[in-house]
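Structure first, commentary second.
By convention in this document, chain letters (A, B, ...) are assigned in the order of the sequence lines, proteins followed by strands, and residues within each chain are numbered from 1.
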Amino acid sequence: MSRLIRMDHTGHSTLAQWTADDPVAVEAAVQAFRKELDRGYFGMVSTGEGHAEQVKELPVAADLVIMRLPISGG
Amino acid sequence: MAAELPELAAVHWRPRVDDARLTRSARAWTLSTCAHVIPFLAAGIALVALSPLALPVALAARAHAWIIPELYAQRGANVVRPKRTRAPAEAEALSVGLLGDLVGHDARALHAQTGLVPERGRLGTWLVGPAGALLVRRGGRRAYCYCVRVNDTALPTGDRIAHLLLALRADEQGFATVANMAFSGAPWRVRRRLDPAQRPALDAARALDSRARD
């Protein structure tokens, strides 16, 4: 089961869970993903050890999609 | 090439950091340190040579030559100084659990011990903390200290590190460009200014970088 999570003040929140063969769950995850993008979050997926990629559409095949906030120099 | 960090738009005037630029920065920091130290040392020696009675002033000049580089090193070490978190303990534990899922066993163990997460990159070996990161390069012989953080200081520390780690993994050069360099110099200068609990992390990063270079 794939998960969309957002790093937030609670540690993290699971926003959606889906399997690729469940179109209703996928659509709900896509909507949740877009909503977070609209709130200023970035979608990230791991692409192997030590690598990650920012995604602008929900990658349905990914096991874990993490929403993060922007960073800046301190 | 991997996609650039979107945060780069906020610092569009900065040239993208690469190996050559880091080497130039290191040279500039070394020159700057020499420019601070040598005149004070020379003045101290000259004063004593002119008149032994000037010894107290010479000692004061020598103290300046010592303290200015130390203050810079302190500024560098401060980027990873542990700070009290405002997040509840439950959120802290949950965030550390997620961070643990993103890294390997050794990195998890080092984080538990020191609060810093090691990450091997193309530019060198990073140590990522909640509000800053250290980069160790040239086989562990050079350290760069960066101020960089997620724009929500109320997040639990594990999440703050995970934000930086994901950005670093997505675009390492972009990460180094967005971050503000606070210091560059010999790792031993940073090490003695670190919290004692964090020093093993720098030792581990130096060892990792040294092995990667061999």
So, the part of Tyr146(B) with a heavy atom under 4.5 Å from chain A: the answer is neither
Measure Ala179(B) against the heavy atoms of chain A and call it side chain, backbone, both or neither at under 4.5 Å. backbone
Closest non-hydrogen atom pair, Leu102(B) against Ser46(A): CD2-OG, 4.3 Å
Pairwise side-chain contact, Asn151(B) with Leu69(A), heavy-atom cut-off 4.5 Å (strictly under): no
Can you tell me how far CG of Leu64(A) sits from CG of Asp101(B), rounded to the nearest 0.5 angstrom? 7.5 Å
Which portion of Leu168(B) sits near chain A, non-hydrogen atoms under 4.5 angstrom: neither
Below 4.5 Å, heavy atoms only, C-beta onward: do Met7(A) and Leu166(B) meet side chain to side chain? yes
If you look at every heavy atom in Gly50(A) and Glu119(B), which pair is closest and at what distance? CA-OE2, 3.3 Å
Tell me, for Ala131(B) versus chain A, whether the close heavy atoms (under 4.5 Å) come from the side chain, the backbone, both or neither. neither
Flag the pair Phe175(B) / Ile71(A) as yes when at least one side-chain heavy-atom distance between them is below 4.5 Å, and no otherwise. yes
Compare all side-chain heavy atoms of His9(A) with those of Leu155(B) and state whether any distance is below 4.5 angstrom. yes
Return the NE2 to CG distance between His12(A) and Leu94(B), rounded to the nearest 0.5 Å. 4.5 Å
Using every non-hydrogen atom in the two residues, find where Pro6(B) and Arg68(A) come nearest and quote the distance to one decimal. CD-NH2, 4.4 Å
